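Predicted model, so just to flag it, every value in this text is computed and none were measured. These values consider heavy atoms only, across backbone and side chains, with no hydrogens, waters or symmetry-generated copies.
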2 protein chains.
Amino acid sequence: MDIKKKIEKHNIKATIARVSLLEIFSQAQKPLSYEDIKPELKMDKATFYRNISLFIDAGLLNSFESNDKKRYFELKSHPHAHFICRVCNSVECIDNLNITLQEYQIENIIINGLCKQCTVRK
Amino acid sequence: MDIKKKIEKHNIKATIARVSLLEIFSQAQKPLSYEDIKPELKMDKATFYRNISLFIDAGLLNSFESNDKKRYFELKSHPHAHFICRVCNSVECIDNLNITLQEYQIENIIINGLCKQCTVRK
DNA sequence: AAAAAAATGCGACTCAGTCGCAAATAAGGA
DNA sequence: TCCTTATTTGCGACTGAGTCGCATTTTTTT
Ligand SMILES: [Mn+2]
Ligand SMILES: [Mn+2]
Ligand SMILES: [Zn+2]
Ligand SMILES: [Zn+2]
């Protein structure tokens, strides 16, 4: 099991709850919110958030907030931006975007607006 | 009173609550959260949010969310990005930043990371 | 002045997220 | 294996933002 080792590599015990949680994010093609995950969640809400925090602190997960008050989580990979559509609420990873700010240290970029589809339909 | 006319120009009745609310944002130098405003708020929470929504729909206010689950509001002026520091939670307006995404329509950009001060202290 | 329309306050509610605590599970040592 | 201790989990209570219905107040119209 790849995921189990990945967790243990960060000095975190690979409990059933934690493995199943990280499995969800490994299979996902895009960032997920608690609302997205809830239906298939096997653990309690408190345990969910405790483990999410644990993963984030360990550098296994990333989180960011959309403009409609939802918090999204995804596997931490290479740094990249996210686009969130105001109309259809879709979340997209934006890879080819290079932004630097002198003296600032950028960790996350969220762009809000209209996605391709919703821009066309205007 | 400039503010009263500004509100009426958008076909919104300039009630006392609304004028006082927009006055707060006019005097502010940076985006404000509900938590920031609450102490000096004269109106009920529900009225506050109803009027905020009204202003946003009318294009008088902008809103965006930080990564620490706070929603910020500010007077809508020229389009610009915002930087939110993970450490000191400061919010800064970033003016000289030009980002375009083909086929997307950008309305808001939020950058998370470490601000100048917090970058130095590392 | 009376009637209609709009804005407000109040209370109840939802929902994400947090926390303390007790039960359950895992780890370690004898 | 049995006992002890540390860690994790579930549960319940709680907080705080935001929403909603409804009655009251304020404003507008006739
Ligand atoms: Mn992504
Ligand atoms: Mn700004
Ligand atoms: Zn869209
Ligand atoms: Zn800072």
Original post:
What pairs with B/S90 under side chain to side chain contact (heavy atoms under 4.5 Å, CB included), at least two apart in sequence or on another chain?
Top reply: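 Testing B/S90 for side chain to side chain contact (heavy atoms under 4.5 Å, CB included), a comparison that skips the adjacent residues, returns B/C85, B/C88, B/E92, B/C115.
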
Original post:
Sequence neighbours excluded, which residues qualify as side chain to side chain contact (heavy atoms under 4.5 Å, CB included) partners of B/K38?
Top reply: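 Once residues adjacent in sequence are excluded, the partners of B/K38 under the side chain to side chain contact (heavy atoms under 4.5 Å, CB included) criterion are B/Y34.
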
Original post:
Just how far, in rounded Å, is P of D/dT9 from CD1 of A/I12?
Top reply: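 About 11 Å, once rounded to whole Å.
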
**OP:** To the nearest Å, give me how far apart CZ (A/R18) and P (C/dA26) are.
**Re:**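 To the nearest whole Å, that distance equals 12 Å.
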
Subject >> With A/N51 via side chain to side chain donor-acceptor pair (under 3.5 Å) - residues at least two apart >> reply: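 Partners of A/N51 under the side chain to side chain donor-acceptor pair (under 3.5 Å) test: A/R18.
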
Original post:
Can you give one letter per nucleotide of nucleotides 11-30 of chain D, 5' to 3': B if a protein heavy atom sits under 4.0 Å from the base, S if only from the sugar-phosphate, - if neither?
Top reply: B-----BBBBB---------

Original post:
Taking only N and O in the side chain of B/T47, is any of them less than 4.0 Å away from OP1 or OP2 of C/dG9?
Top reply: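 B/T47 to C/dG9 OP1/OP2: side-chain N or O found under 4.0 Å.
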
Using residues 56-63 of chain B as the side-chain source, report each donor-acceptor pair under 3.5 Å to any protein atom, sequence neighbours left out, with the distance given to one decimal.
none

Original post:
In chain order, what residues pass the salt bridge (charged side-chain N to carboxylate O under 4.0 Å, His left out) check against A/E35, with sequence neighbours excluded?
Top reply: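 A/E35: salt bridge (charged side-chain N to carboxylate O under 4.0 Å, His left out) contacts with A/K70.
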
